[in-house]
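This report concerns only the one structure given below.
Values below: every heavy atom of this structure, side chains too, minus hydrogens, waters and symmetry copies.
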Amino acid sequence: RRLEQGRYDEKPEHQKRLKSVYREVMSRVRLGQAQAESLLSWCVEVGERRVCAIVEKLRRKSYDKAAVLTAACAEVLRLRRQPESAARLLERMRTRFPRHRAFQDELKLAATKVGRDSS
């Protein structure tokens, strides 16, 4: 079965706008190393809980969002020079939901789009 493009791919102007807002906000924020790590850890934890809620409740129409959220968290971890943490996050989501093929397919697609093979 061919995967459909998720909603996040349908509106590139939304992506551009969101990136612009992030750049603006982040240019004003100055965090210490410990603060940044704590905030990142919290964001990944919240993201992971949201993904689990979506998949556990079988919200199939939102699997693409859950996969994009997982891949985005992994990408931020990689960009912060934490590739092992990124790989562990992807692996946790893969192994937590091994029988949810639709989610697995979306996760593979999302992880590939951020430049990482998720097989």
Side-chain angles (χ1 to χ4, degrees):
R1 153 177 117 77
R2 185 169 180 249
L3 293 174
E4 297 175 20
Q5 285 188 329
R7 277 204 264 171
Y8 296 95
D9 291 336
E10 293 174 11
K11 306 270 186 192
E13 66 274 11
H14 291 175
Q15 290 177 358
K16 288 179 185 176
R17 183 170 170 245
L18 187 58
K19 285 179 184 178
S20 174
V21 170
Y22 283 150
R23 269 193 296 272
E24 175 67 24
V25 169
M26 295 310 290
S27 70
R28 297 181 194 172
V29 174
R30 299 288 182 246
L31 298 174
Q33 181 70 19
Q35 290 174 308
E37 291 303 318
S38 177
L39 183 59
L40 177 57
S41 179
W42 176 79
C43 288
V44 170
E45 179 185 327
V46 169
E48 196 169 340
R49 281 189 291 175
R50 182 66 188 129
V51 169
C52 289
I54 289 169
V55 180
E56 286 170 356
K57 292 182 180 169
L58 302 176
R59 305 277 191 227
R60 291 177 61 97
K61 290 182 181 179
S62 294
Y63 281 3
D64 62 332
K65 295 174 197 150
V68 167
L69 181 55
T70 302
C73 287
E75 180 66 5
V76 170
L77 288 166
R78 274 193 295 278
L79 292 172
R80 301 274 307 161
R81 295 183 178 95
Q82 298 178 33
E84 297 84 16
S85 295
R88 281 194 304 270
L89 173 63
L90 289 171
E91 188 59 25
R92 268 195 315 276
M93 293 298 99
R94 278 190 217 105
T95 58
R96 182 161 185 163
F97 304 108
R99 295 183 180 195
H100 295 77
R101 282 305 328 151
F103 173 68
Q104 294 288 335
D105 291 344
E106 292 289 349
L107 184 57
K108 186 173 186 173
L109 179 64
T112 300
K113 285 184 179 182
V114 295
R116 175 89 174 175
D117 180 17
S118 68
S119 23

Check: From K113 NZ over to E75 CD, what is the distance, rounded to the nearest 0.5 angstrom?
Finding: 14.0 Å
Checklist line | Value rounded to 0.5 Å, distance of CZ in R80 from CD in Q33 | finding: 5.5 Å
Next item on the list: Please round to the nearest 0.5 Å and tell me the distance separating atom CD of Q104 and atom CZ of R99.
Entry: 12.0 Å
Item checked: Spatial distance of atom CD (E48) from atom OG1 (T70) [nearest 0.5 Å] -> 7.5 Å
Checklist line | For Y63 against E106, the heavy-atom pair lying closest together | finding: O-CB, 4.0 Å
Checklist line | Listed partners of R17 passing salt bridge (charged side-chain N to carboxylate O under 4.0 Å, His left out), at least two apart | finding: none
Check: Which heavy atom of V51 sits nearest a heavy atom of A66, and at what distance?
Finding: CG2-O, 3.3 Å
Item checked: Closest contact, heavy atoms only, C43 versus C73 -> O-SG, 4.5 Å
Next item on the list: To the nearest 0.5 Å, tell me how far L89 CG sits from R78 CZ.
Entry: 9.0 Å
Item checked: For R88, all residues meeting salt bridge (charged side-chain N to carboxylate O under 4.0 Å, His left out), sequence neighbours excluded -> none
Notebook entry, point to check: Short question: side chain of T112, backbone of K108 - any donor-acceptor pair under 3.5 Å?
Noted result: yes
Margin query: If you count every heavy atom of other residues, nucleotides or ligands that lies below 6.0 Å from R92 atom CZ, does the total exceed 12?
Written below: yes
Margin query: Just checking H100 against F103, ring centres under 6.0 Å apart?
Written below: no
Notebook entry, point to check: About how many Å separate CZ of R50 and NZ of K65, when rounded to the nearest 0.5 Å?
Noted result: 8.5 Å
Notebook entry, point to check: If two hydrophobic side chains count as joined below 4.5 Å and joins carry through other members, does L69 share a cluster with L79?
Noted result: no
Margin query: A side-chain contact here means heavy atoms from C-beta on lying under 4.5 Å apart; do L40 and Q82 qualify?
Written below: yes
